[in-house]
Amino acid sequence: MERLVFSAAARDESVARHTHLFAQRLIGPVRFLNPVAPAKASAVNIRHRGTTATPTATPAATASATPPPSPSGADGR
């Protein structure tokens with residue numbers, strides 16, 4: 001359960017603040033692991049998981065792209 005919160009702390013400022021309070025002994029384990037904190041951490045991690053999957057380019061899309069300009073310029077000088 002703690003791992004869930006710590007991984008979310010790297011992705012969300014409010015979860016990081018909550019984790020900081022626990023690490024500095026300003027809140028205890030009961031408040032650190034109250035039902036709201038793991039639920040928010042789960043939401044942050046699920047949201048992050050959804051944004052990391054990027055679609056790959058299809059061969060047709062890459063073939064139609066224009067090639068980069070040559071280092072010597074377009075007119076060959």
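Nearest approach of L4 to S42, heavy atoms of both residues: CD2-OG, 3.4 Å. Here the closest heavy-atom approach between residue A37 and residue F32 is recorded as CB-O, 3.4 Å. Nearest heavy-atom pair across A9 and A16 is O-CB, 3.3 Å.
Cluster membership check: V30 does not share its hydrophobic cluster with L26, using side-chain heavy-atom separations under 4.5 Å among Ile, Leu, Val, Met, Phe, Trp and Tyr.
For the salt bridge (Lys or Arg N to Asp or Glu O under 4.0 Å) condition, the pairs that include at least one residue of residues 4-14, sequence neighbours left out, are E13-R17. Counting only residues at least two apart or on different chains, no side chain to side chain donor-acceptor pair (under 3.5 Å) pair has a member in residues 19-32.
Residues satisfying the side chain to side chain donor-acceptor pair (under 3.5 Å) criterion with S7, sequence neighbours excluded, are N45.
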Can you list the steps and then say if H18 with I27 is a side chain to side chain contact (heavy atoms under 4.5 Å, CB included)?
-> CA-CA 9 Å; H18 183 73; I27 61 173; 3.6 Å; yes
